[in-house]
Amino acid sequence: MTVNRNPKKSRPYDQPPKRRRRLIPNGPDSAAIGFFVAAAVWLAIATGIGVLAVAIRIIPFELSLPLGLFDLSFELGRRRVDAAFINATVFGWLTNAGFGAIAFMVPRLFGRSLAGIALVNLGVAIWNMALAGGLASLYVFDLGPNAALSAMPWLFEGGLATAALIVTGSYLATVGPAIRSGYVSTWFAGIALLSLAGLLGLNATIGLVELFVELPALGVALASVFVERALVTMWLLGIAYGTLHYVVPRATGQPLASGGLAILTWLTWLALAPISALAMLSDSSVPFVVTTLGSVATMLLLVPAALTFVNLVQSMHGRWTLLYGTGALAFAAVSIAFLLGTSLLEAIGALRNVDAAVGGTDWERGVFIWAAYGAFSFAAFALAEHALPRLLRRAWGAGPLAGAQLWLGLGGATLAGLCLMGGGLAEGSLRAAGTAPEAIDAALVFYRVPAFLGFGMVALAGLAMLANLFLMYTSGPRADYVIPGQAAPAATGH
């Protein structure tokens, strides 16, 4: 006779039921966590490609490897690397961070969980899988006359548009009619989301139509540059404004200095941002008045940037000591400074004489670095510093890795942007003097090498963020924060 030495083994009803994990997570903050983690990974990838993009300017080279399938080959060259860098930055790092910001802010501003959270988590997967495939396709398929942000095949653009539509639908279902009395950050986020979904849908539609109808190359090129510029002014700029107006009051523990000024900022941005994209339609077939209107709107985009600077700096009054740390407010202050500086540079670049001198030079890439890795990235850093401890339920923040992220990112973006802009000015003057292309390239090395070192610092800042996120989750002590679904008062001035 066999005796059971452990009676509980024969009583399975005494054992607690095993927790079943869903294939698609549906926790209240799961989508925000997913987007922020993806953003951190894409930041490391984007900055790595960016280092290669600067290096290929110093030592030009091309590579072609046949894939043995349909006469396709892997092509590595300056244009393709630039396109991959811009797409990884905008759609990989900044857009994932923007989606994460919306998934974090909206439940806390409206006191309810994000609608359709499981579907939004599916959107996380769709977005990043489509982007990974689209990024790989940039090295294989012909880019045609498209600008960088419109160069992916329609199938991948459609995947991105689908994911953006999912996030937009969840946002609208969550806020509903309450958006009319909502905080200004939700207004920025709503317009930015609708713009992103619409522009990506337009990209995908043009690519799909091209399969059946041969569209004029000029028309495709003009639509492409318009969409690329509108993505920056409507989506990236809009979500940056929304993020900064959310983070600064919470980092200072004080209400926004002026709700009316924030609404005025939103109205001026909404009126000017779509029109500014018309400045990119520089062709003789486009009426002069159209491009002039776009150039004027680009110059006037300095107004919402100045209003944001005044409002948020006033909101920091009495809390200046927080700027000397490495918390969310320090990151937000850097973002505000870059935002004002970039808006000024864009306004100067919109002047026809300036555009004729520096158009197509490293100046454009330098301004892009200041915008993407200065203004927009530091707004995302600020929100991540505020949000991630709350999302992961960890007591964490303002540590040495955050300090490295702050100073490496600030120093690297400043140096890389200044050197490339200086190189663009030098290239413009050398071209006007009729200097040979070989001599121009030799002269620009003295600008591009420091830019390479500067962007290497930005890449280290990206790795610091990724390491900080890993250590926060694995080593940070548990902490309790307000969870979505419970009303949380917004720090607002209206």
Side-chain angles (χ1 to χ4, degrees), residues 36 39 93-95 97-106 108-109 182-193 232-270 272-273 301-317 319-320 322-323 326-344 346 370-388 405-406 409-410 413 490-494:
F36 274 120
W93 154 231
L94 294 174
T95 298
F99 286 157
I102 292 168
F104 176 81
M105 293 189 300
V106 170
R108 286 157 178 82
L109 289 171
Y183 184 51
V184 70
S185 289
T186 59
W187 299 358
F188 279 111
I191 298 298
L193 272 175
V232 174
T233 58
M234 294 298 295
W235 164 240
L236 295 183
L237 190 57
I239 199 63
Y241 279 137
T243 297
L244 290 171
H245 281 85
Y246 180 90
V247 169
V248 170
R250 283 150 185 80
T252 59
Q254 301 180 150
L256 196 63
S258 172
L261 206 58
I263 294 173
L264 183 60
T265 302
W266 180 77
L267 289 173
T268 53
W269 164 77
L270 180 61
L272 296 170
L301 277 176
L302 185 59
V303 174
L307 292 175
T308 299
F309 178 84
V310 171
N311 201 5
L312 296 185
V313 168
Q314 286 181 345
S315 302
M316 300 176 192
H317 184 73
R319 305 289 285 170
W320 304 116
L322 294 175
L323 296 176
T326 55
L329 192 63
F331 285 105
V334 173
S335 174
I336 295 167
F338 269 115
L339 183 62
L340 192 61
T342 302
S343 299
L344 180 59
E346 293 278 9
W370 268 33
Y373 287 94
F376 305 147
S377 286
F378 274 90
F381 287 157
L383 186 68
E385 187 69 18
H386 171 81
L388 284 173
Q405 182 182 334
L406 173 66
L410 172 59
T492 70
H494 62 281

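Since the structure is predicted, the reported quantities are computational estimates derived from the model, not experimental observations. Just so you know, residue 1 is the first one in the sequence shown, and it goes up from there.
Taking the centre and axis of the six-membered ring of Phe104, the NZ or CZ atom of Arg250 falls outside the cone set by 45° and 6.0 Å.
Between the side chain of Thr268 and the backbone N or O of Thr265 there is at least one donor-acceptor pair closer than 3.5 Å. Formation of a donor-acceptor pair under 3.5 Å by the Glu385 side chain with backbone atoms of Phe331 is not found in this model. A donor-acceptor distance shorter than 3.5 angstrom exists from the side chain of Thr233 to the backbone of Ala273, with no hydrogens or angles considered. Under the 3.5 Å distance criterion, the side-chain polar atoms of Asn311 are left unmatched by any main-chain donor or acceptor of Leu261. The backbone N or O of Ala413 sits less than 3.5 Å from a side-chain atom of Trp370, completing a donor-acceptor pair. A distance-only check finds a donor-acceptor pair linking the side chain of Thr252 to the backbone of Pro249 [under 3.5 Å]. When atom types are taken as modelled, the side chain of Tyr246 and the backbone of Thr186 share no donor-acceptor pair closer than 3.5 angstrom. Between the side chain of Gln254 and the backbone N or O of Ser315 there is at least one donor-acceptor pair closer than 3.5 Å. Of the possible polar contacts, one joining the Ser335 side chain to the Ala375 backbone as a donor-acceptor pair under 3.5 Å is found.
Heavy-atom minimum distance, Ala330 versus Leu406: CB-CD2, 4.2 Å. Considering all non-hydrogen atoms of both residues, Leu94 and Ser377 come closest at CD2-OG, 3.8 Å. Shortest non-hydrogen contact noted between Ala251 and Leu322 is O-CD1, 3.4 Å. Taking each heavy atom of Pro304 and Tyr241 in turn, the nearest pair found is C-OH, 3.5 Å. The shortest heavy-atom contact between Ala382 and Ala332 is CB-N, 3.6 Å.
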Please test Leu329 against Leu323 for side chain to side chain contact (heavy atoms under 4.5 Å, CB included), starting from the C-alpha separation and ending with a verdict. CA-CA 6 Å; Leu329 192 63; Leu323 296 176; 3.8 Å; yes
Go through Phe309 and Leu339 one step at a time and tell me if the side chain to side chain contact (heavy atoms under 4.5 Å, CB included) criterion holds. CA-CA 9 Å; Phe309 178 84; Leu339 183 62; over 6 Å; no
Could you check Leu302 against Ser343 for side chain to side chain contact (heavy atoms under 4.5 Å, CB included), going step by step and ending with a plain yes or no? CA-CA 5 Å; Leu302 185 59; Ser343 299; 3.7 Å; yes
Verify side chain to side chain contact (heavy atoms under 4.5 Å, CB included) between Tyr183 and Leu256, making sure each step is shown before the conclusion. CA-CA 11 Å; Tyr183 184 51; Leu256 196 63; 3.6 Å; yes
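We find the CD-CG distance between Glu346 and Leu237 to be 9.5 Å, quoted to the nearest 0.5 Å. With rounding to the nearest 0.5 Å, the separation of CG in Leu267 from CG in Leu307 is 10.5 Å.
Take Phe36 and apply the ring-ring contact (aromatic ring centres under 6.0 Å, His included) test, not counting sequence neighbours, and it matches no residue.
A heavy-atom distance below 4.5 Å is found between the side chains of Ile102 and Ile239. Contact annotation: the side chain of Trp269 approaches that of Ile191 to within less than 4.5 Å [non-hydrogen atoms, C-beta and beyond]. Put simply, the side chain of Ser185 does not reach to within 4.5 Å of the side chain of Thr243, judged on heavy atoms.
Centroid-to-centroid, the aromatic rings of Trp93 and Phe381 come within less than 6.0 Å. Under the 6.0 Å cut-off for aromatic ring centres, Trp235 and Phe99 qualify, their centroids lying closer than that.
Note: Phe188 and His245 have parallel aromatic rings, judged against thresholds of 30 and 60 degrees for the angle between ring planes.
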